[in-house]
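Let me begin by presenting the structure, written as C-alpha cells, before commenting on it.
In what follows, every chain begins at residue 1, and chains take the letters A, B, ... in the order their sequences are listed.
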Amino acid sequence: MPALADRLLPWFAAHARDLPWREDGVSGWGVLVSEIMLQQTPVVRVDPIWREWLARWPRPSDLAAASTAEVLRAWGKLGYPRRALRLQAAAVVIAAEHDDVVPDDVDTLLALPGIGAYTARAVAAFAYGRRCPVVDTNVRRVVARAVHGRAEAGDAAARDLPDTEALLPDDEADAARTSAALMELGACVCVARGPRCADCPVVDLCAWQHAGRPAWDGPVKKGQRWAGTDRQVRGRLLDVLRGADGPAGAAALESAWLTDPAQRARCLDSLLVDGLVEQLADGRFALPGET
DNA sequence: GAGCCGTGGGA
DNA sequence: TTCCCAAGGCT
C-alpha cells in the first residue's frame with residue numbers, strides 16, 4: 001500500500017528522533033551494535049553506551065581483540081549480558097571472514113551469533129538501504145492496528161513478513177526509510193499503551209480507527225515474574241563481579257544473594273556455563289579474561 | 001514453541 | 001506498590 005508510505009515518509013523526515021546511529025557516515029558496524037543493544041532495551045539507556053562502544057571499538061576487529069571482562073564492564077547494566085558475548089563473537093567472525101565489514105545481505109547476517117530475523121533485516125535496511133521488511137514489536141503493532149484493525153499484534157505469525165513487505169514502496173531507498181518510519185511510528189505514536197492517534201500521520205487510513213478502536217479480544221500475554229527468579233540472582237552475581245577490581249571470593253558472591261544458597265550456587269554455575277563468569281585455579285571467581 | 005534471559009522507568 | 005513493557009534471540 002503506497003498510500004501508507006506516502007504519508008509516513010514525509011512524517012518521518014519531519015519528526016524522526018536524532019539518534020546517533022542514524023547519523024550520516026555511521027558504519028554497518030555502528031548500526032549492528034545499535035541493533036543488538038536495542039533488543040528489549042530502551043533508546044535512552046542505549047545512547048550513551050553506544051557512543052562509548054563506537055569510540056572505543058570503531059571496527060569489529062577492535063571489539064574482537066578485547067577481553068570478555070572489558071566487554072562485560074563496558075556493557076554495564078544494559079541487561080541481557082549474553083548479548084555482549086554474542087556481539088563479540090559476531091565481531092570475531094566479521095573480522096576473520098568478512099574483511100572486517102558487516103555483511104549486507106540477510107542470509108549472511110542471520111548466520112552470525114545473536115543476529116535473528118529482526119536484527120538481520122534491520123542491519124540490511126538501515127545500514128545498507130536494502131528493501132526488506134523489518135519486523136519488530138513496534139511494526140507488528142502498527143500493522144495489527146493500521147492494516148488489520150486489531151488493538152494488539154498478538155503472537156508473532158508467519159504472515160508478519162509478507163504483511164509488512166506489502167507496505168514497502170518499490171524504490172529501495174524509500175522502502176528502507178519506510179521500514180524505519182514504521183518502527184518510529186510504533187515507538188513514538190502508535191505505542192502499546194495510550195496511542196497518540198491525534199498525532200498520527202495515517203490516522204485516516206487506519207483500520208483500527210475505522211473499526212471504532214475495538215478492544216483486544218485475543219489471548220492475554222502472560223507477564224514474566226521477576227522477584228526471586230534466577231534472572232535476578234544472575235544479575236546480582238554479575239553486578240558484584242562487574243563492580244569488583246579483580247577476582248572475588250566466595251564470600252563476596254554469597255552476599256549477593258542470601259535468600260537461597262542453593263539457588264545462588266545454581267545461578268553461579270549457569271553463569272560459568274554461559275561464559276559470563278570464570279573460576280580461577282585458586283577457587284575465586286572473575287569476569288572471563290580478567291587479569 | 002513456550003520459557004528463559006537483565007534492567008529500570010513510567011503508569 | 002505492582003505491573004507492564006522496551007528496536008529479540010536461543011533452546
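Using a cutoff of 4.0 Å between basic side-chain nitrogens and carboxylate oxygens, A/Arg234 and A/Asp274 are scored as salt-bridged. For the pair A/Arg17 and A/Glu184, the salt-bridge criterion is met [side-chain N within less than 4.0 Å of a carboxylate O]. Residues A/Arg59 and A/Asp62 are paired through a salt bridge, judged by an N-O separation under 4.0 Å between the basic side chain and the carboxylate.
Atoms CG (A/Leu78) and P (B/dG9) sit 13 Å apart, rounded to a whole Å. The nearest whole Å value for the distance from the CZ atom in A/Arg225 to the C1' atom in B/dC4 is 15 Å. A/Leu32 places its CG atom 11 Å from the P atom of C/dG9, with the value rounded to the nearest Å. Put simply, CG on A/Leu238 is 12 Å from P on B/dG8, counting in whole angstrom units. Between A/Tyr80 atom OH and C/dA6 atom P the separation is 13 Å, expressed in whole Å. Distance, A/Gln40 CD to B/dG9 P: 17 Å, rounded to whole Å. Summarising the geometry, the separation between CD on A/Gln232 and P on C/dT2 is reported as 13 Å, rounded to the nearest angstrom. Separating the CH2 atom of A/Trp226 from the C1' atom of B/dG9 is a distance of 14 Å, rounded to the nearest angstrom.
For the pair A/Arg193 and A/Asp274, both in contact range of DNA chain B, the more 5′-proximal nearest nucleotide belongs to A/Asp274. Of the two residues contacting DNA chain C, namely A/Arg86 and A/Trp21, the nearest-nucleotide position lying further toward the 5' end is that of A/Trp21.
With P as the reference atom, B/dA11 and C/dA7 are 15 Å apart, rounded to whole Å. Rounded to whole Å, the separation between the P atoms of C/dC4 and B/dG3 comes to 16 Å.
Here C/dA7 is the nucleotide among C/dA7, B/dG3, C/dG9 with the atom lying nearest to any side-chain atom of A/Leu19. The side chain of A/Ala187 sits closest to C/dA7 out of C/dG9, C/dA7, C/dA6. Distance from the side chain of A/Asn138 is smallest for C/dA7 among the nucleotides B/dG6, C/dA7, B/dC5. Nearest nucleotide to the side chain of A/Lys221, out of C/dC5, B/dC5, C/dA6: C/dC5. Listed nucleotides: B/dG6, C/dA7, C/dA6. Nearest to the side chain of A/Ala192: C/dA6. Nearest nucleotide to the A/Thr137 side chain, out of C/dA7, B/dT7, B/dC5: C/dA7.
One N or O donor and one acceptor, one from the side chain of A/Arg17 and one from the base of C/dA7, sit under 3.5 Å apart. Contact annotation: side chain of A/Arg231 to base of B/dT7, donor-acceptor pair absent below 3.5 Å. Residue A/Thr119 places no side-chain atom within donor-acceptor reach of the base of C/dG9, judged by atom type and a 3.5 Å distance cut-off alone.
In this structure, A/Arg121 reaches neither bases nor backbone, as no heavy-atom distance under 4.0 Å exists between it and the strands shown. At a threshold of 4.0 angstrom between heavy atoms, the contacts of A/Gln224 include nucleobase atoms, whether or not backbone atoms are also involved. At the heavy-atom level, A/Gly79 lies under 4.0 Å from base atoms of the strands shown.
A/Arg236 meets the salt bridge (Lys or Arg N to Asp or Glu O under 4.0 Å) test with no other residue; sequence neighbours excluded.
Put simply, A/Arg234 has a side-chain N or O that comes within less than 4.0 Å of OP1 or OP2 on B/dG6. The phosphate of C/dA6 (OP1 or OP2) has a side-chain N or O of A/Arg141 nearer than 4.0 angstrom.
Aromatic rings from A/Trp53 and A/Trp75 are positioned such that their centres are separated by under 6.0 Å.
Between the side chain of A/Asp100 and the backbone N or O of A/Ser61 there is at least one donor-acceptor pair closer than 3.5 Å.
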